[in-house]
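Below is one structure; the comments refer to it alone.
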2 protein chains.
Amino acid sequence: MPERALPYRPHNHEACVSQALADARAICRQQNARLTPIRERVLELIWQSHKPLGAYDILAMLGTEGHNAAPPTVYRALDFLLQHGLVHRIASLNAFTGCTHAGEHHRGTFLICRECGNVLELDAPDVTRAVEAAAADVAFRPEEITMEVAGRCPRCQGEPGHA
Amino acid sequence: MPERALPYRPHNHEACVSQALADARAICRQQNARLTPIRERVLELIWQSHKPLGAYDILAMLGTEGHNAAPPTVYRALDFLLQHGLVHRIASLNAFTGCTHAGEHHRGTFLICRECGNVLELDAPDVTRAVEAAAADVAFRPEEITMEVAGRCPRCQGEPGHA
DNA sequence: CCTGCAAATGTTATAATGTTGCAAACTTTG
DNA sequence: CAAAGTTTGCAACATTATAACATTTGCAGG
Ligand SMILES: [Zn+2]
Ligand SMILES: [Zn+2]
Ligand SMILES: [Zn+2]
Ligand SMILES: [Zn+2]
């Protein structure tokens, strides 16, 4: 899978989104899952945003485009996308972001810039290994790992306030 | 500081709680912070529970003991306790738990049993180091680390359903 | 003691986030 | 097509968190 541009670096984000959607379609086909219009649209909205979106942000966006959606619509779509590894939920933000390693069954580490709000998903095997080792030390069997790091992204360290 | 018993191992929990409260009083004295009755009571309730407590759980408990509290009362007490490193917020649970390393300025790793709900706070320097290294690789400056691992605790792996 | 300030708490209302339950529409399958 | 299963619409509700402003409390000077 080609490495996508880092979110806080200038890049052709439309291509980013199309690629993600294409990947998602392929993954769903492969898993015999139905990426319905709503689900796909929610995924697209999430990808189009450079920052994690709250469920109610998504709801509002659907509203402005004529789709008269209620909360369950959005949450159900999000559940589906989470289930199939297409998005992640950022617990510390109550928000959702597109998975940059969809289909790879992995545990993401998220670097969240407090200044500009951008989120970078790392695939950090060392971190995962360290967590698993620490858990093993106390005979704990990990199933799901939430790793979210709030701080400053490179761009915001020198010159704060990038959107 | 003496190591406290692991939460899911039988132990004299009252002693646990008194020790935590004594520590808290010492820390607040040292920091010139006022551990008022409400704040102390909230901390005590959190410590008395073996499992993380939601703000509204605390609210209800205060209610049953005649204290007619509203949400802001609890949230303000919790803010104070968070501020002074006496409790942690578990983002994935929207709940709060007593810090087992209060005063040590540290980044806790939380092992959350999905079966019994108990939470174990680890001081896992290896994990922290791994996270910091991964962040450094992309020039991200971490400020706060959220590490929450959901899974099965040792007791619940064999015989599920421990309270 | 009193006075005045700052910190803490009380109180009411409201915002933000997430869920339940059931009915209608759509898809798949035989 | 008919049955069964899945997805969506919809209304109500539950939970978690904050805003705004009034009141009380603790404390330092006068
Ligand atoms: Zn991912
Ligand atoms: Zn930034
Ligand atoms: Zn701690
Ligand atoms: Zn357990």
Side-chain angles (χ1 to χ4, degrees), chain A residues 24-25 28-29 31-46 49 51-63 65-84 86-97 117 146 148, chain B residues 24-25 28-29 31-46 49 51-63 65-84 86-97 112 117 146 148 150:
Chain A
R25 279 186 286 261
C28 287
R29 205 164 23 241
Q31 300 186 11
N32 225 354
R34 292 170 51 196
L35 189 60
T36 62
I38 298 179
R39 290 167 177 173
E40 184 169 334
R41 182 66 184 128
V42 169
L43 181 59
E44 188 177 17
L45 286 170
I46 289 175
S49 164
K51 306 175 188 177
L53 284 183
Y56 279 73
D57 295 335
I58 296 168
L59 193 57
M61 290 170 174
L62 290 177
E65 57 194 51
H67 191 299
N68 195 0
T73 305
V74 172
Y75 281 103
R76 285 192 287 228
L78 289 170
D79 281 346
F80 173 90
L81 297 172
L82 286 169
Q83 210 83 96
H84 293 83
L86 301 173
V87 303
H88 292 284
R89 183 181 141 85
I90 311 288
S92 60
L93 299 179
N94 292 332
F96 302 82
T97 192
T146 298
E148 302 171 13
Chain B
R25 278 187 286 259
C28 286
R29 203 163 26 242
Q31 300 185 11
N32 226 354
R34 291 172 52 199
L35 190 60
T36 62
I38 298 180
R39 292 166 176 174
E40 184 168 334
R41 183 64 184 129
V42 169
L43 182 59
E44 189 177 17
L45 286 170
I46 289 174
S49 163
K51 306 174 189 179
L53 284 183
Y56 280 75
D57 296 334
I58 296 168
L59 192 58
M61 289 170 174
L62 291 177
E65 57 195 50
H67 191 299
N68 196 359
T73 305
V74 172
Y75 280 102
R76 287 192 285 229
L78 289 170
D79 281 347
F80 173 90
L81 297 172
L82 285 169
Q83 212 82 110
H84 293 82
L86 301 173
V87 303
H88 291 285
R89 183 182 140 85
I90 312 288
S92 60
L93 298 179
N94 293 332
F96 302 83
T97 192
I112 305 162
T146 299
E148 302 171 13

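Computation of the quantities below employed the complete heavy-atom set of this structure, encompassing side-chain atoms and omitting hydrogens, waters and symmetry-equivalent molecules. Proteins come first, then strands; the chains are lettered A, B, ... in the order of their sequence lines, and each starts at number 1.
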Phosphate-side-chain proximity, Thr73(B) and dG10(C), N/O vs OP1/OP2 below 4.0 Å: yes

Checking side-chain contact (heavy atoms from CB on, under 4.5 Å) between Phe96(A) and each of Ile90(A), Leu43(A), Leu82(A), which is the one that passes? Leu82(A)

What is the distance from CZ of Arg34(A) to C1' of dC26(C), rounded to the nearest Å? 7 Å

Distance test, side-chain N/O of Arg89(B) to OP1/OP2 of dA17(D), below 4.0 Å: yes

Check whether any side-chain nitrogen or oxygen of Tyr56(A) sits under 4.0 Å from OP1 or OP2 of dA16(C), and answer yes or no. no

Is any side-chain heavy atom of His67(B) less than 4.5 Å from a side-chain heavy atom of Arg41(B)? no

Member of Leu78(A), Leu59(A), Thr36(A) meeting the side-chain contact (heavy atoms from CB on, under 4.5 Å) criterion with Val42(A): Leu78(A)

Atom CG of Asn32(B) and atom P of dA6(C): how far apart are they, to the nearest Å? 17 Å

When you get a sec, tell me which of dT8(D), dT19(C), dA19(D) is the closest nucleotide to the side chain of Pro72(A)? dT19(C)

Report the distance from atom CG of Leu93(B) to atom P of dT15(D), rounded to the nearest whole Å. 16 Å

Heavy-atom nearest nucleotide on DNA chain C taken for Arg76(B) and for Tyr75(A); more 5' hit belongs to Arg76(B)

Any Tyr56(B) side-chain heavy atom under 4.5 Å of Val74(B) side chain: no

CG of Asp79(B) versus C1' of dA7(C): gap in Å, rounded? 15 Å

Among dG18(C), dC10(D), dT11(C), which nucleotide sits nearest the side chain of Phe96(A)? dG18(C)

If you compare every side-chain N and O of Asn94(A) against the phosphate oxygens of dA16(C) (OP1, OP2), does one of them come in below 4.0 Å? no

Gap between atoms CG and P, on Asn68(A) and dA24(C) respectively (whole Å): 18 Å

Map Thr36(A) and Gly54(B) onto DNA chain D by nearest heavy atom, then report which one ends up closer to the 5' terminus. Thr36(A)

Output yes when at least one side-chain N/O atom of His67(B) is less than 4.0 Å from OP1 or OP2 of dT9(C), else no. no

Only one of Leu81(A), Leu53(A), Thr97(A) passes side-chain contact (heavy atoms from CB on, under 4.5 Å) with Val87(A); say which it is. Leu81(A)

Rounded interatomic separation in angstrom, taking CD from Gln83(A) and P from dT6(D): 13 Å

Leu59(A) CG to dA15(C) P, straight-line distance once rounded to whole Å: 16 Å

Starting at CG of Leu81(B) and ending at C1' of dT9(C), how long is that distance when rounded to a whole Å? 15 Å

Comparing nearest nucleotides in DNA chain D, the 5'-proximal residue of the pair Ala95(B), Ala69(A) is Ala69(A)

